[in-house]
Amino acid sequence: MKQAETGSKVEMADKIFVKKLLSWNKKENRRKMPWKGEKNPYKIWLSEIILQQTRVEQGLKYYENFITAFPNIQALANAPEEKVFKLWEGLGYYSRCRNIITTARHICKDLGGKFPTDHNSLLQLKGIGPYTAAAIASFAYNLPFSVLDGNVFRILSRIFDIETPIDSTHGKKEFSKLAQEVLPLKRAGEYNQAIMDFGALICKPVPECSLCFFKEHCMAFALGKQLLLPVKEKKITIKERWLNYVVVKYNSEIAVHQRKGQDIWQQLFEFSLIETRERYTANQILQLFEKEFGISEYKVQDTQIETTQKLTHQLIHFRFITISLPRKQAVPHCNWVPLKNIKELAFPQSLKKFAETYLYTL
DNA sequence: TAAGCGTGGCC
DNA sequence: TGGCCAAGCTT
């Protein structure tokens, strides 16, 4: 947007957009979701955390499972961590799971079990950033804070033809300011829900301009730039890695290891791992395994299973080598878990699929 | 502050 | 089909 246009023209467009958006929301928006219209901050919070960088269709079942298992924040705070992680299994971005446990326990232990009712206190909670704080504040308490998510970036960039990259620090500030200016202060909750529904149904990445109530006022539509907005500047680099799992069995027990540190899948479980920076043969992997784990007496059951998984920043090649031990012995960094109990542990999706396909049937 | 964190659906 | 995207946050 050009500097000269930040004055009255934009304010006019704002007013028309808000009026039309709220009217569309009331008359035509049929989108239904279980947390919509919810006033319970616990349920709003849970839904918003689940939906971070996650599609509604994917998060829906997780939300229902969580509400059933943990109907209130006390139930979540009192739950064993492994049970919470097991419910989160497969949803990705597992730090969210760690954070809801921390925050639930903090609220129950230090805040009398009551969710904070002001925006700034919400922002202090682990896992709650600007978007989620605004969502809870506006949905639960109708406080005047505008949400700024992927939908809102897209919509505002198109309506006002703003080419500032949304993944830049400057862009975030600019869009945040604009979003707050557009917000109708007394109808924050209603407006925030409406604009995100509008982004999900009409002003999609590939937009349905023919259905749009605002196309006569949209600068991107006038210029034919819908598909060029919003602008992103960062290129992601994809790291390639090879995770060679040596699945160690003794009778019907499996050696498993819980991931720690700063890497992916923190706190999830895996099998004994040999990571390499390129593809190794099964024999090379077993050689490394013998050396690193101090285990040389075993029988190889299978070396064939290979698969890949694409993460946002990584391309992971998996190799599964199943071996069995003639006698039970300690496997470094691992614990022995009966096969029937493996299902109770949270695994990364690719490992879960391997286990379901090959391990339970051995 | 820029980089990193999962998974699945879409075209 | 591979790159992009989806109700972001933390470090």
Side-chain angles (χ1 to χ4, degrees), chain A residues 31 33-36 38 43-63 85 88-100 102-103 122-139 145-155 165-173 175-176 179 189 192-201 203-207 227-228 230-239 241 243 259 261-268 308-316 346-353:
Chain A
R31 196 173 193 219
M33 295 169 292
W35 47 82
K36 207 167 159 178
E38 181 61 62
K43 293 186 177 177
I44 296 169
W45 167 66
L46 198 50
S47 69
E48 294 301 342
I49 301 295
I50 286 173
L51 290 176
Q52 286 170 5
Q53 296 289 283
T54 303
R55 286 193 161 74
V56 168
E57 314 84 71
Q58 190 190 0
L60 193 50
K61 184 164 289 180
Y62 286 84
Y63 174 78
F85 268 91
W88 198 274
E89 183 187 45
L91 192 54
Y93 285 152
Y94 296 94
S95 65
R96 294 182 291 173
C97 185
R98 158 61 47 209
N99 288 335
I100 62 169
T102 301
T103 290
L122 290 167
L123 264 180
Q124 309 304 316
L125 301 173
K126 283 266 188 337
I128 295 186
Y131 165 78
T132 307
I136 297 173
S138 64
F139 295 150
F145 295 91
S146 60
V147 293
L148 180 54
D149 73 332
N151 292 300
V152 179
F153 274 117
R154 190 169 60 249
I155 293 163
I166 63 171
D167 54 355
S168 66
T169 303
H170 175 244
K172 289 188 178 81
K173 280 186 191 167
F175 280 93
S176 178
N192 278 339
Q193 184 60 60
I195 194 170
M196 289 193 287
D197 284 350
F198 174 60
L201 299 175
C203 198
K204 301 185 283 190
V206 179
L227 295 178
L228 300 179
V231 172
K232 289 189 181 180
E233 67 178 0
K234 294 192 171 56
K235 307 267 179 273
I236 62 169
T237 59
I238 296 182
K239 174 186 173 187
R241 60 199 294 194
L243 301 185
R259 291 179 66 87
Q262 298 305 106
D263 204 353
I264 53 173
W265 303 323
Q266 257 186 75
Q267 298 187 236
L268 271 66
T308 62
Q309 181 181 6
K310 287 192 289 192
L311 281 59
T312 304
H313 292 271
Q314 300 185 23
L315 172 58
I316 301 182
F347 283 82
Q349 193 69 341
S350 295
L351 300 191
K352 184 187 179 197
K353 284 181 178 170

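Hydrogens, waters and symmetry mates play no part in the numbers below; they use all other heavy atoms, side chains included.
Rounded to whole Å, the distance from CD on A:Glu233 to P on C:dC4 is 15 Å. One atom, CG of A:Leu315, and another, C1' of C:dC4, lie 16 Å apart when rounded to the nearest Å. Between the P atom of C:dA7 and the CD atom of A:Gln193 lies a distance of 12 Å, rounded to the nearest Å. Rounded to a whole Å, the CD1 atom of A:Ile136 is 14 Å from the P atom of C:dG8. Computed from coordinates, the A:Glu48 CD to C:dA6 C1' distance equals 13 Å when rounded to whole Å. At whole-Å resolution of the value, CD1 in A:Ile166 and P in C:dG8 are 10 Å apart. In this structure, A:Gln124 places its CD atom 14 Å from C1' of C:dT10, rounding to the nearest Å. C:dG8 atom P lies 16 Å from atom CG of A:Leu123, rounded to whole Å.
Within the 3.5 Å criterion, the main-chain N or O of A:Glu89 finds a donor-acceptor partner in the side chain of A:Tyr62. Counting only distance, with no hydrogens or angles, the side chain of A:Asn192 and the backbone of A:Phe145 share a donor-acceptor pair below 3.5 Å. Under a 3.5 Å cut-off, the side chain of A:Gln314 and the backbone N or O of A:Lys239 do not form any donor-acceptor pair.
Under the 3.5 Å distance criterion, with hydrogens and angles disregarded, a donor-acceptor pair is assigned to the side chains of A:Arg98 and A:Gln267.
Mapping A:Leu125 and A:Met33 onto DNA chain C by nearest heavy atom places A:Met33 at the nucleotide closer to the 5' end.
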**OP:** For A:Lys353 and A:Phe347, run side-chain contact (heavy atoms from CB on, under 4.5 Å): C-alpha distance rounded to whole Å, both residues' side-chain angles, the deciding distance at 0.1 Å, then the answer.
**Re:** CA-CA 9 Å; A:Lys353 284 181 178 170; A:Phe347 283 82; over 6 Å; no
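At a threshold of 4.0 angstrom between heavy atoms, the contacts of A:Arg98 with the nucleic acid are absent. A:Trp35 comes within 4.0 angstrom of a base, heavy atoms only.
Here, B:dA3 and C:dC4 have their P atoms 16 Å apart, quoted to the whole Å. One P atom belongs to C:dA7, the other to C:dT11, and the distance between them is 24 Å to the nearest Å.
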**OP:** Heavy atoms under 4.0 Å is the rule here; annotate nucleotides 3-11 of chain B 5' to 3' with B where the base is hit, S where only the sugar-phosphate is, and - elsewhere.
**Re:** -BBBBB---
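Partners of A:Lys36 under the salt bridge (charged side-chain N to carboxylate O under 4.0 Å, His left out) rule, at least two apart in sequence or in another chain, are A:Asp197. Partners of A:Lys204 under the salt bridge (charged side-chain N to carboxylate O under 4.0 Å, His left out) rule, at least two apart in sequence or in another chain, are A:Glu208.
Proximity note for A:Asn99 (side chain, C-beta onward) versus B:dT1, C:dA7, C:dT10: the nearest is C:dT10.
Look at A:Thr132 and you won't find any side-chain N or O under 4.0 angstrom from OP1 or OP2 of C:dA7.
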